[in-house]
Number of protein chains: 2
Amino acid sequence: MGNKEQTFQKIIEVAYVMFAEKGFEKTSLAMIAAEVGISKPAIYYYFQSKDQLITYLFDELYKVIQQDVAVDYKELSRVNFKEELLELGYKSIEAQGKDPYFNKIFNQYVLLAARDESYKKQLVELETSFLTSFVEVLQYGVELGVLEDTPTIEAKAQMLALVYDNIGNFMLTGNQLDYRAIWKEAVHSVIQGGEDGNKR
Amino acid sequence: MGNKEQTFQKIIEVAYVMFAEKGFEKTSLAMIAAEVGISKPAIYYYFQSKDQLITYLFDELYKVIQQDVAVDYKELSRVNFKEELLELGYKSIEAQGKDPYFNKIFNQYVLLAARDESYKKQLVELETSFLTSFVEVLQYGVELGVLEDTPTIEAKAQMLALVYDNIGNFMLTGNQLDYRAIWKEAVHSVIQGGEDGNKR
DNA sequence: GTCTATACCGTGATAGAC
DNA sequence: GTCTATCACGGTATAGAC
């Protein structure tokens, strides 16, 4: 309703897209203001500084990611555990093509985190819950009986998570690989069971 | 010898460190000049622009990485193939702590590549030879007879490469994980052979 | 309460003197 | 080969219009 809400929202949306496309530093407040249709200092009515606008966007992303990262695994079933885990990766690979903004902007925050403690703290939190959810998935697989309960189950899960995550990074650089095959290999290596026998 | 050589070299060294520590955009030419002990416009005698200085540093990195990426694998032997492959990863993990500059600066180029075609081109080249060398390692393992020759050997190698690479990224964010265990798991999953039997 | 006009200083960049 | 002077543009602060 309020004009204020509208302007605020528009600044955020415009900033998100421009930051993703051109990067934080090459996107000036004047450009954002022009696109929104206000004057440059007007942004300072809503945000104390450019840095604060950048931080605000990160906090928004932070919330979204936290939710996205946590859920899914309870829906995995005993019968098709492996296939469903594969599907999780395939979906992510496809989503990558759909929202090119997300990874471009997220990677910039990774960079900032290398020099800014508060970003660093939040990023490590995200990574931790990201990794944790993979551990939970595999432990769930153990519960279901489709996975052996080895002492290295945590390392296995983290390896899987690193592959999952880095597929996104490589896609970002435009490298054309058979990502589905890579993901399949990773899942397969963690769950040698399935159709193969894995008795000792 | 020449003063020219000296100044040039000093600019490069100072810029490399400052770019890594503060980032490209937050490092001004004035700061570099002050640290080198010259005036700001003097830098323009050696470089046409700030961007060109950044590009020059990348070209240097590019050469170094190309060499680092290509070599090693011929030294792997039949008897200790797995252990030596493990050692390769361990060394990289340790090196990460030694040269904090490298990854910080390299990641910035990854970001630039998302918006700049020429960086993108070179980066994809580096990634490609990086991935290729992992494929070669595993194919060498097949030759040695320590690895089965499966059709998925390429995907296996790329998976291994993604893990190897992303360990570096996660270390950068300051996340404290048992990276050696993760690497061990990755290598193990690719070479189930070794002491285990893997007959079908 | 919502914004514009204006001015300040630091930045990358250029021209020209020494 | 290096500096001084100068420029346009960037983020930022404030005064004040409505």
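Every chain is numbered from 1, with letters handed out A, B, ... down the list of sequences. When reading the values below, keep in mind they use all heavy atoms of this one structure, side chains included, and skip hydrogens, waters and symmetry mates.
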So, with a heavy-atom separation below 4.0 Å from DNA chain C, the residues of residues 53-60 of chain B are none
Per the under-4.0 Å heavy-atom filter, residues of residues 32-44 of chain B near DNA chain C come out as K40(B), P41(B), Y44(B)
Short side-chain donor-acceptor distance under 3.5 Å, D149(B) and Q139(B): no
For residues 85-98 of chain A, the salt bridge (Lys or Arg N to Asp or Glu O under 4.0 Å) pairs (sequence neighbours left out) are E94(A)-R180(A)
To the nearest angstrom, the CD-P distance between E25(A) and dG11(D) comes to 9 Å
Worksheet item: For dT11(C), does either OP1 or OP2 sit under 4.0 Å from a side-chain N or O belonging to S28(B)?
Response: yes
Query raised in the report: Can you find a side-chain donor-acceptor pair between T7(B) and Y45(B) that sits under 3.5 Å?
Result: no
note: K50(B), atom NZ; dC9(D), atom P; distance rounded to Å ~ 18 Å
So the salt bridge (Lys or Arg N to Asp or Glu O under 4.0 Å) pairs with at least one residue in residues 150-177 of chain B (sequence neighbours excluded) are E185(A)-K156(B)
Margin query: Quick check: F8(B) with F47(B) (ring centres under 6.0 Å apart)?
Written below: yes
Subject >> Joint cluster assignment, L29(A) & M31(A), ILVMFWY side-chain distance < 4.5 Å >> reply: yes
key: Side chain S92(A), main chain L88(A), donor-acceptor under 3.5 Å   = no
Rounded to whole Å, the CZ-P distance (F8(A) to dG1(C)) equals 16 Å
Does the side chain of S49(A) pick up a donor-acceptor pair with the side chain of D51(A) at under 3.5 Å? no
d(F58(B) CZ, F106(B) CZ) to nearest 0.5 Å is 6.0 Å
note: L29(A), atom CG; dC8(C), atom P; distance rounded to Å ~ 20 Å
Between CZ of F47(B) and C1' of dT14(C) the distance, given in whole Å, is 18 Å
Taken to the nearest whole Å, NZ/K10(B) to C1'/dT2(D) is 15 Å
Ring pair (Phe, Tyr, Trp, His ring centres under 6.0 Å) filter on F19(B), not counting sequence neighbours, yields F24(B)
Atom CD of Q52(B) and atom P of dG12(C) are separated, to the nearest Å, by 15 Å
Taking dT2(D), dG1(C), dT11(C) as options, the one with an atom nearest any side-chain atom of Y45(A) is dG1(C)
Atom CE of M31(B) and atom P of dG12(C) are separated, to the nearest Å, by 9 Å
N166(B) side-chain N/O to N169(B) backbone N/O, donor-acceptor pair under 3.5 Å:
no
Stems in DNA chain C, runs of 3 or more consecutive Watson-Crick or G-U wobble pairs with both distances under 3.5 Å, sorted by first number, are C:1-8 with D:11-18, C:10-18 with D:1-9
